[in-house]
K.L.:
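Here it is, the structure, as structure tokens.
Counting starts at 1 for both ligands and their atoms, in listed order.
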Amino acid sequence: MKYDFDMICNRKNTDCFKWDGIHEIFGRDDIIPMWVADMDFPVAKPITEAIKKRADHPFYGYTKPGPSTIESVVERMKQKFNWEIQPEWIVFTPGVVPALHLAIRSLTHPGDAVLLQKPVYYPFFPAVTRSGCQIVNNNLKLVDGHYEMDYEDLEDKFTSRTGLSSLKAMMICNPHNPVGRHWNEEELIKAGEIAIENGAKVISDEIHCEILFKDKHVPFASISEEFQENSIVCMAPSKTFNLAGLEVSTIIIPNKKLRDEFVGMQSGMVPRPNLFGYTALEAAYRFGDNWLEQALDYLKGNLNFLMGYVEKIPGISVIEPEGTYLVWLDCRELGMDGQELRDFMLDKAKVGMDDGFVFGDSGTGFMRMNIACPRPILKEALRRIEKAVLDLGE
Ligand SMILES: Cc1ncc(COP(=O)(O)O)c(C=O)c1O
């Protein structure tokens, strides 16, 4: 089946965060929302069909993931990443964010420290601090328009802890939201070895791992037995297939001890996903690839369009993403501080994006734009930004 990604669908009055939450988030109603990470594309037909079919059976009682659902995850890992996982390694949660909180709580004690790499997806911060832990930041380096891990600083953060709280976990985001890097195997090995040699476990958030523009994805735990035993990998069909509202994620924890601790922490506190989440996950993994291929082609087209357009806008440049549909715009040459840039994008351009500074200080001067929308919407947002920037010169 051929999908029409150019089609503009009205999502208003569906209680979706992205469109119906704009007044609450941005304080005005006249902006184009390009913030929260979901897509303005209808989902793959087999997913809606599966949900309708399940809804027709009017029993919505307590539900567990069935063998066929679990098998669909095992097969997906093998088919997409050549990663052979055991069914019992999978723990289902209603989201990756709650899983990050659970992972940190299960790996640390209050007073410990957790390493992360700013600028990074900001819900990482409360996952650490609300667990009673301290954040240790290993800032990413921006070298010639390309972000890299700073291994020297990483090593230093682990080894210079005399008198400080112990660093029990490292959070990796791959692909990295918001800078769009897709860490390759060599980079993961370098970082992972430093963490593991220093006694830290790795929590690898790979929620965006099927939205890639170039390479194949390597799940952190698939690299070696040592990495497998020392990590928690967070995946989900939600970004890939636009299912965030169905709240289903797969947390893959090969090490039984780590898994038991995670599940013990989850028990009674964070529920399992609801039955429609399981239904959607299985339909997406088994029958969603035709849609996904077309969606990825369309997103690539959007990215190329954006890069061509932004070249014409003085003061803004694109950090080309290798993965995710979130684009990190470098607006530092506009010479505004974080708040001024926010006000400018809202009041003058009337485009609602995520402010770079919320991802950490090193994000100041950047904006994160969600390009998973029909191209005419993207075009209009870019036209508005271009006009607002050109008006600055007048
Ligand atoms: C890196 C990353 N992790 C997790 C999430 C959200 O996960 P969930 O909605 O499953 O809690 C997002 C959403 O944007 C994300 O970018």
Side-chain angles (χ1 to χ4, degrees), residues 16-18 21 25 33-40 43 73 90-105 114 116-128 130 140 147 169-183 188 202-212 217 219-220 231-252 262 266 269-274 276-278 280-281 284 299 321-328 352-356 358-360 363 366-373:
C16 67
F17 257 114
K18 196 184 206 169
I25 299 292
M34 306 192 83
W35 60 296
V36 68
D38 69 21
M39 307 187 195
D40 289 331
V43 303
V73 179
I90 306 166
V91 183
F92 290 90
T93 65
V96 164
V97 170
L100 298 175
H101 284 251
L102 291 172
I104 290 175
R105 279 170 205 222
V114 175
L116 44 77
Q117 299 175 306
K118 294 182 187 177
V120 73
Y121 180 57
Y122 49 88
F124 278 22
F125 311 153
V128 177
R130 292 205 189 123
L140 297 178
Y147 279 89
M170 169 174 185
M171 299 174 86
I172 287 181
C173 191
N174 193 29
H176 191 103
N177 173 7
V179 306
R181 269 308 313 280
H182 181 223
W183 308 117
L188 293 172
V202 173
I203 302 165
S204 187
D205 180 340
E206 304 180 19
I207 195 169
H208 295 277
C209 69
E210 291 201 48
I211 313 274
L212 296 179
H217 181 70
F220 185 86
S231 59
I232 293 180
V233 173
C234 304
M235 293 202 185
S238 52
K239 298 296 158 199
T240 317
F241 293 101
N242 204 21
L243 304 177
L246 287 165
E247 300 183 334
V248 59
S249 310
T250 52
I251 312 307
I252 304 173
F262 181 97
Q266 178 176 16
M269 204 161 76
V270 173
R272 297 298 176 94
N274 77 66
F276 293 109
Y278 292 129
L281 173 143
L299 288 172
E322 295 162 338
T324 84
Y325 48 72
L326 306 166
V327 182
W328 197 226
M353 294 177 278
D354 285 276
D355 304 305
V358 302
F359 300 90
F366 293 79
M367 296 299 284
R368 191 194 77 173
M369 177 185 265
N370 176 350
I371 61 164
C373 60

K.L.:
Could you check whether the rings of Trp328 and Phe366 sit parallel, tilted or perpendicular, using 30° and 60° as the cut-offs?
P.N.:
parallel
K.L.:
For ligand 1, which atoms sit closer than 4.0 Å to a heavy atom of Ala37?
P.N.:
14 (O)
K.L.:
Which ligand 1 atoms are under 4.0 Å away from a heavy-atom of Ser249?
P.N.:
10 (O)
K.L.:
Heavy-atom distance from atom 14 (O) of ligand 1 to the protein below 4.0 Å?
P.N.:
yes
K.L.:
Nearest 0.5 Å, what's the SG-CZ distance between Cys209 and Phe220?
P.N.:
14.5 Å
K.L.:
Can you confirm whether the side chains of His217 and Glu206 place a donor and an acceptor under 3.5 Å from each other?
P.N.:
yes
K.L.:
Is Lys18 salt-bridged to Asp40, cutoff N-O under 4.0 Å?
P.N.:
yes
K.L.:
Distance alone, cut at 3.5 Å: any donor-acceptor contact between the side chains of Asn177 and Arg368?
P.N.:
yes
K.L.:
Can you confirm, on distance only, whether ligand 1 has an N/O atom lying under 3.5 Å from any N/O atom belonging to Phe124?
P.N.:
no
K.L.:
Could you tell me whether Asp205 approaches ligand 1 through its side chain, its backbone, both or neither, with non-hydrogen atoms closer than 4.0 Å?
P.N.:
side chain
K.L.:
Looking only at protein heavy atoms, which one is nearest to atom 11 (O) of ligand 1, and what is the separation?
P.N.:
Val97 N, 3.0 Å
K.L.:
Return the residue, atom name and 0.1 Å-rounded distance of the protein heavy atom closest to atom 7 (O) of ligand 1.
P.N.:
Ile207 CD1, 3.4 Å
K.L.:
For atom 4 (C) of ligand 1, which protein heavy atom lies nearest, and how many Å away is it?
P.N.:
Tyr121 CE2, 3.4 Å
K.L.:
Taking only non-hydrogen atoms of Cys173, do any sit less than 4.0 angstrom from ligand 1?
P.N.:
yes
K.L.:
Atom CD1 in Ile25, atom CZ in Phe17: separation rounded to 0.5 Å?
P.N.:
6.5 Å
K.L.:
Is the shortest distance from a heavy atom of Glu247 to ligand 1 less than 4.0 Å?
P.N.:
no
K.L.:
Less than 4.5 Å apart, any side-chain heavy atom of Pro175 and any of His208?
P.N.:
yes
K.L.:
If you have a sec, work out which protein heavy atom is nearest atom 8 (P) of ligand 1 and how many Å separate them, to one decimal?
P.N.:
Val96 N, 3.4 Å
K.L.:
Which of the atoms in ligand 1, numbered in the order shown and given with their element, are less than 4.0 Å from a heavy-atom of Lys239?
P.N.:
12 (C), 13 (C), 14 (O)
K.L.:
May I ask you to check if Lys239 and Tyr325 form a cation-pi contact, with NZ or CZ under 6.0 angstrom from the six-membered ring centre and within 45° of the axis?
P.N.:
no
